[in-house]
Amino acid sequence: MFQIDCPWCGPRDQQEFAYAGEAAIKRPENPASLSDAEWADYLFMRTNPRGRHHEQWRHVHGCGQFFDVVRDTVTYRIESVDVPGRPALGDAS
Amino acid sequence: MSEIKIESPLVDQVEAVRGNSAPAKVGVRMTEHPFLGQIVLRGKSSDTAFTAACAGVLGCEVPTTPNTYAEGQGVVIAWMGPTEWLVLVDGESTPAWLSALRGALADVHAGVLDTSGGQTLISLEGPAALDVLAKGSTLDLHPRVAPTGFCTRSLLAKSAMFVRVVEAGQRFEIVVRRSFADYLWQWLVDAGGEYGLAIQPAESTLVLAGLQASAPPKTATGA
Ligand SMILES: [Zn+2]
């Protein structure tokens, strides 16, 4: 178990939160123009890194908000927490 | 046609309805407050049309500081999320509050939802109230971090709850969903037993600490 520092509520136990997948995945602007492989890549493929991971959590038993977390998947250490949509991990996109 | 009877989710818990015979040493007092008006208010606090309309009806600003509540005349407005508030009023005047809010917010991007029948409120008070809650929740309700005026949603004994600190470290109000109420009540009775638990009969007058029965101001109704 670990604590997560909700951007709105402050540090709370992990059990108040739900994991909500990898962060910063953008829906393609024009899905009809994609090949099946490109569409499948958007739908299913994730980076699944060993180490720093840019991911979403939701404070489901708290303020209800989604937000972004950078967490190390090896040590579970949370590097940063932020409101959704801001670039993390030095993403240029 | 048969009459539809309003019934607390704790109707089968005899002590919740009638109270118990209090032990010699009382560490915590517990009371159910059924049939309160519980209104969920949704909107954007950055939208001044929304905040002004709410303030007009509620008599005070909706709190924008996370995990705090505000009190107006006969109404408690609790922050639940950046776009969500729980409004507690007495049961009898709930229809008047609902129509006043809906009237004032008719042309605003907002939501007014009556959840009164879906949840109930249990108050815990006394020197051991904090210890009872600490048994079932990872939430730190010590006055240092949860002073009077603090509120939040969290978990208690695996049930979702909303908790409001009425008096730091001493008096708490728990809002629980209808389907979890019977279970959570029994859990609280068990958890509170060792401290000396006095159960007071359900408060059917619908009045909470600091919440005097009152209807919304008439002028706000016809917006
Ligand atoms: Zn939160």
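Below, read A as the first sequence line, B as the second, and so on, with proteins coming before strands; counting in each chain starts at 1.
- The shortest side-chain heavy-atom distance between B:V175 and B:M161 does not fall under the 4.5 Å cut-off.
- Proximity of the aromatic rings of B:W79 and B:F162 is defined here by a centroid distance below 6.0 angstrom, and this criterion is not met.
- A:F67 and A:F17 have perpendicular rings, their planes meeting at more than 60° on a 0 to 90° scale where under 30° would count as parallel.
- Highest contact tally toward chain B, considering only A:H61, A:Q15, A:H59, is held by A:H61 [criterion: heavy-atom pairs under 4.5 Å].
- The aromatic rings of A:W39 and A:Y42 sit tilted, their planes meeting at an angle between 30° and 60°.
- Looking at B:T94, its side chain does come within 3.5 Å of a backbone N or O of B:D90 through a donor-acceptor pair.
- For chain A, the option among B:N67, B:V145, B:L139 with the highest count of heavy-atom pairs below 4.5 Å is B:N67.
- For the set A:C9, A:C6, A:P11, A:G10, the entry with the most heavy-atom pairs within less than 4.5 Å of chain B is A:C9.
- A donor-acceptor contact shorter than 3.5 Å is absent between the side chain of A:R77 and the backbone of A:V74.
- Proximity of a side-chain donor or acceptor of B:T68 to a complementary backbone N or O of B:G149 within less than 3.5 Å is not detected.
- With a 4.5 Å cut-off on non-hydrogen atoms, A:Q3 does not touch chain B at all.
- Scanning residues 27-36 of chain A against chain B with a 4.5 Å heavy-atom cutoff picks out nothing at all.
- The backbone N or O of B:P63 lies less than 3.5 Å from a partner atom in the side chain of B:W85, making a donor-acceptor pair.
- Within residues 188-197 of chain B, no residue has a heavy atom under 4.5 Å from a heavy atom of chain A.
- Between B:L101 and B:L58 the shortest side-chain heavy-atom distance falls below 4.5 Å.
- Not a single donor-acceptor pair under 3.5 Å links the side chain of A:Q56 to the backbone N or O of A:D68.
- The backbone N or O of A:T47 lies less than 3.5 Å from a partner atom in the side chain of A:E22, making a donor-acceptor pair.
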